[in-house]
Amino acid sequence: QVHLVESGGGLVQAGGSLRLSCAASGRTFSSYAMGWFRQAPGKERDFVAAISRTGVSTLYAGSVKGRFTISRDNAKNTVYLQMNSLKPEDTAVYYCAQAVRSRGSSFAREYDYWGQGTQVTVSS
């Protein structure tokens, strides 16, 4: 069984930065793409970023492109989300997820394991 644990969330002022981490266990990490999603109060879960199993290919939501960077360290079974120039509208619970295949996707249905989430709050 796959287990995903996010960390690194917190409270930050607008314009600041945070780095989220997601440690994975349970199956061969390097075989699967990883993604980050977020859910704000009263809203649906939205795609943020995805990375292929090798880390060569990445995909971003338009709202975070140029501000967020997804990366992974297959030796550490960990995926990261570096968030810069944070805005109040980035406030949400951030979830990491492991895909069913090696290529990343923006569709939640293509991820079969999810972490418990970490809260990110950006104050204005």
Side-chain angles (χ1 to χ4, degrees):
Q1 184 174 347
V2 173
H3 193 48
L4 303 175
V5 180
E6 301 98 334
S7 61
L11 173 64
V12 64
Q13 287 189 331
S17 298
L18 282 175
R19 188 195 196 201
L20 305 184
S21 299
C22 173
S25 62
R27 64 184 182 185
T28 306
F29 180 75
S30 60
S31 295
Y32 301 92
M34 298 293 295
W36 287 95
F37 290 75
R38 66 186 181 186
Q39 188 168 19
K43 296 189 176 181
E44 294 184 352
R45 190 171 297 190
D46 291 331
F47 169 74
V48 176
I51 189 166
S52 64
R53 70 174 187 89
T54 62
V56 171
S57 298
T58 57
L59 184 65
Y60 294 94
S63 59
V64 307
K65 203 167 188 178
R67 299 188 298 123
F68 292 9
T69 302
I70 188 170
S71 61
R72 65 189 295 160
D73 185 339
N74 286 345
K76 296 183 178 179
N77 289 357
T78 301
V79 62
Y80 305 96
L81 186 67
Q82 177 67 44
M83 306 186 295
N84 299 329
S85 303
L86 283 162
K87 305 175 181 179
E89 51 263 44
D90 294 318
T91 295
V93 177
Y94 283 71
Y95 299 89
C96 76
Q98 190 168 73
V100 300
R101 55 181 57 89
S102 61
R103 176 178 291 184
S105 169
S106 62
F107 297 104
R109 64 175 179 267
E110 297 192 6
Y111 295 81
D112 54 353
Y113 289 100
W114 295 79
Q116 81 288 349
T118 185
Q119 176 71 47
V120 171
T121 303
V122 184
S123 63
S124 57

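The figures here come from the full heavy-atom set of this structure, side chains too, leaving out hydrogens, waters and symmetry mates.
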Less than 3.5 Å apart, any donor N or O on the side chain of E6 or T118 sitting next to an acceptor on the other? no
Please find the pair of heavy atoms, one from [X] and one from [Y], that lie closest to each other, and give the distance.
| X | Y | answer |
| --- | --- | --- |
| Q82 | S17 | NE2-CB, 4.0 Å |
| T78 | S21 | CG2-CB, 4.3 Å |
| S85 | R67 | O-NH1, 3.0 Å |
| L4 | A24 | CD2-CB, 3.4 Å |
| Q119 | T91 | NE2-CG2, 4.0 Å |
| G104 | A50 | CA-CB, 4.0 Å |

With sequence neighbours left out, what residues match Y94 under ring-ring contact (aromatic ring centres under 6.0 Å, His included)? none
Check whether any side-chain heavy atom of [X] sits under 4.5 Å from a side-chain heavy atom of [Y], and report yes or no.
| X | Y | result |
| --- | --- | --- |
| W114 | Q98 | no |
| L20 | V79 | no |
| Y111 | M34 | no |
| T69 | L81 | no |

Step by step, work out the side chain to side chain contact (heavy atoms under 4.5 Å, CB included) result for F29 and R72. CA-CA 10 Å; F29 180 75; R72 65 189 295 160; 3.3 Å; yes
Could you please spell out the steps behind the side chain to side chain contact (heavy atoms under 4.5 Å, CB included) verdict for F47 and L59? CA-CA 10 Å; F47 169 74; L59 184 65; 3.9 Å; yes
Can you tell me how far the [atom1] atom of [X] sits from the [atom2] atom of [Y], to the nearest 0.5 Å?
| X | Y | atom1 | atom2 | value |
| --- | --- | --- | --- | --- |
| S30 | R53 | OG | CZ | 6.5 Å |
| T121 | L18 | OG1 | CG | 9.5 Å |
| I51 | R103 | CD1 | CZ | 14.0 Å |
| S25 | Q1 | OG | CD | 9.0 Å |

Show, in sequence, the C-alpha distance, side-chain angles and deciding distance for E110 and R101, and conclude whether the side chain to side chain contact (heavy atoms under 4.5 Å, CB included) test is met. CA-CA 8 Å; E110 297 192 6; R101 55 181 57 89; 3.1 Å; yes
Establish, yes or no, whether the cationic atom of R27 lies under 6.0 Å from the six-membered ring centre of Y32 and within 45° of the ring axis. yes
Checking R38 against Y95: charged group under 6.0 Å from the ring centre and within 45 degrees of the axis? no
Would you say [X] and [Y] are hydrophobically clustered, going by side-chain heavy atoms of ILVMFWY under 4.5 Å?
| X | Y | result |
| --- | --- | --- |
| V2 | F37 | no |
| L86 | V48 | yes |
| I70 | V120 | yes |

Validation row, ring centre W36 to ring centre F68 under 6.0 Å: no
For atom CZ of R45, is the number of surrounding heavy atoms from other residues, nucleotides or ligands below 6.0 Å larger than 12? yes
